[in-house]
Amino acid sequence: MPAPVEEEPTTPDAAPAEQPAAAAAETKPAPAARPHRIHRGQIASNVVLQVVFAALIVAFVNYLGFKHFRRFDYSRDRKYALSARTKNVLASLKEPVKLIVFMSDNALLKSDAVELVREYRNVQPNLVQTETVDPYRDIARATVLARTYKLGKDDNAIIVDAGGRQKLVQQDALADVEGGTDMFGNTTTPTVTAWKGESAVTGALLEVVEGKKNVVYYLRGHAEPELGQRGAIGILQTYIERDNIQLKDFNLANTDTVPTEASALLLAGPKYDLSEREIKALDNYWSTRQGRIFILLNPDGETPRLNQFLAKLGITPDDDRVMAVITLGMTKEGARIVQRAPYVAGEMQGGGPIAERLRGVNVLFPGSTQSLTIDPPRVGPAGIKVESLVQAIEGYWGEMDYRDPDSPAGQQMTPGRDKDKNIVLAATAERGALEDPRVQVNTARLIVVGNARFIDNQSLDQNDADFALGALNWLLNRERSIGISPKEIKTFSVNFTPQQEKNIFIITTLLIPGLFALLGVGVWWWRRA
């Protein structure tokens, strides 16, 4: 019996000594595919197309920027952003205007003046030309300007020139400056406290374009506020004079007619009534000379003849007081504690140029305000168009029992007796106007406001000033000057005590950097751990 043959055990990890030739052939890597060959002509054409497309994109962006560019002022006070009123004036220009900054390099306001006139040119590039001249560097050009405009080397001003008519806006008119040289001869660093360059330049622009000042006669003799810088309406007078309008005292009791140089009449808050002679002169001025009249009523005055004159023109002053109540709190018993609102808030109405260009501007009338009733059908046959200009916002009513403020009836609106809707605070009347507003004709114009206290120095704010100026410019046929006027930008400063300065130094120099240093060390230690 043959002996059994012992076989060597095989392990799974053992690999065969040789592999068949077929298996070796199957595992042989395939030859690499040939890369696609790109011709030089294709490369060149791709580069050319990329360059052409990039050039087209750049050209298109530049075209859009040239034709539809926009400028934005992101400064805190929007110092160089021109107001709507200035833009309206620039849009109405019919002849070229030169704005020349004649200032030395060391002038305090030169950079501000250059930026300001540049904004004027950007708004109206076709008609506004700008130039900057340093009298110490551009000697030849400065000599020509000094001879033409009677300037000296030490003058720092903006020259406004239109058709040979010129106006100099000195540096002092551009801003309020504190510092310099005091009364003892000590030199201090000058600081600009208020910037009013736009209003000064726009006022000069109006003056040279119009050629002469408009004269508005301010009627006196009925306990009206006095004119002058120290008068009760001195602030408004300053705004008016900057707008190329001169206010001039006038008393109708001394004459039967209004002087021919009067562009308009202003009657502000008469406490006493006009005489028969004055009413006759007023009526004659309106009827025969296409007069322009601006009347601010005094609700606490006694003016029956003036009220009757206005009623004939379709605007009747009402014997009421416009009011609203505000809630101050609640009593322990749950009753409301109310108080009359100290002012009346009105909003623009109608489609005239005043309302259109001052849309969204609310006018605040402090103190006593009476409402007006307009009657268009009554005066329509006479060719007089009457419209509401300002109406009280919701929540106000015309109180008839205002004479007894302690009575319950005087504290709330009484249906059927008090006026509860369409409360007119200001109204306009125009005689001889055409239906098409694009056709300009000489018309008689009147504006009546049921409150005169809003023009007082203590009450006047920017909205009130814009409304008063807009109304006056509409009377004078200067619709281009109606708009939100430039604001006087006040310099904001914070004064710190020595201890506060020390605390700020410690916090900014030691604590904050130290905190970030500790944070960095902590992050480094955490990553090592």
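It should be emphasised that the depicted structure is a prediction, and the values quoted were computed from it without experimental measurement.
Within 6.0 Å of the OH atom in Y217, the count of heavy atoms belonging to other residues, nucleotides or ligands exceeds 12. Within a 6.0 Å sphere centred on CD of E226, other residues, nucleotides and ligands contribute 12 heavy atoms or fewer. Atom CZ of R359 has more than 12 heavy atoms from other residues, nucleotides or ligands within 6.0 Å. Counted within 6.0 Å of CD on Q500, heavy atoms from surrounding residues, nucleotides or ligands total more than 12; the atom is thus considered enclosed.
A tilted orientation is assigned to the rings of F454 and F467, their planes being inclined by 30° to 60°.
When the options L127, L205, V208 are evaluated for a side chain to side chain contact (heavy atoms under 4.5 Å, CB included) with V97, the one that passes is L205.
Salt bridge E479/R357: absent, no basic N to carboxylate O contact under 4.0 Å. One finds no salt bridge joining K385 and E430 here, because no Lys/Arg side-chain nitrogen approaches an Asp/Glu carboxylate oxygen to under 4.0 Å. Contact check on E207 versus R242 returns no salt bridge, with no Lys/Arg side-chain nitrogen under 4.0 Å from an Asp/Glu carboxylate oxygen. Using a 4.0 Å cut-off between charged side-chain N and carboxylate O, D300 and K271 make no salt bridge. Between K280 and D256 there is no salt bridge, since none of the side-chain N atoms of the basic residue sits less than 4.0 Å from a carboxylate O of the acidic one. Checked for salt-bridge contact, R141 and E131 meet the test: a charged N lies under 4.0 Å from a carboxylate O.
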Working for side-chain contact (heavy atoms from CB on, under 4.5 Å), residues Q290 and Y285: CA-CA 7 Å; Q290 305 291 61; Y285 174 68; over 6 Å; no
Set out, in order, the CA-CA distance, both residues' side-chain angles and the distance that settles side chain to side chain donor-acceptor pair (under 3.5 Å) for R277 and S275, then state yes or no. CA-CA 5 Å; R277 181 181 181 181; S275 65; over 6 Å; no
Can Y218 and Q237 be said to form a side-chain contact (heavy atoms from CB on, under 4.5 Å), step by step? CA-CA 11 Å; Y218 183 75; Q237 184 179 356; over 6 Å; no
Y239 vs S199, test: side chain to side chain donor-acceptor pair (under 3.5 Å). Steps then yes/no. CA-CA 9 Å; Y239 282 115; S199 60; over 6 Å; no
Run the numbers on N473 and I245 for side-chain contact (heavy atoms from CB on, under 4.5 Å), then give the verdict. CA-CA 9 Å; N473 281 312; I245 301 173; 3.9 Å; yes
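Under a 3.5 Å cut-off, the side chain of N307 and the backbone N or O of P317 do not form any donor-acceptor pair.
Checking R121 against T130 by side-chain atom types alone, a donor-acceptor pair falls below 3.5 Å. Side-chain atoms of N214 and Q246 include no donor-acceptor pair closer than 3.5 Å. N451 and T369 form a side-chain donor-acceptor contact under 3.5 Å, judged by distance and modelled atom types alone. For the 3.5 Å distance criterion, the side chains of T202 and Y120 qualify, holding a donor opposite an acceptor. Checked by atom type, the side-chain pair Y136/D105 shows no donor-acceptor distance below 3.5 Å.
Between L151 atom CG and T143 atom OG1 the span is 11.0 Å, to the nearest 0.5 Å. Here the CG-CE distance, from D134 to M103, works out to 11.5 Å after rounding to the nearest 0.5 Å. Taking CD from Q391 and CG from L372, the interatomic distance works out to 10.5 Å, rounded to the nearest 0.5 Å. Summarising the geometry, atom CG belonging to L460 is positioned 10.0 Å from atom CD1 belonging to I233; distances are rounded to the nearest 0.5 Å.
Qualifying side-chain contact (heavy atoms from CB on, under 4.5 Å) partners for K87, counting only residues two or more places apart in sequence or in other chains: L82, V123.
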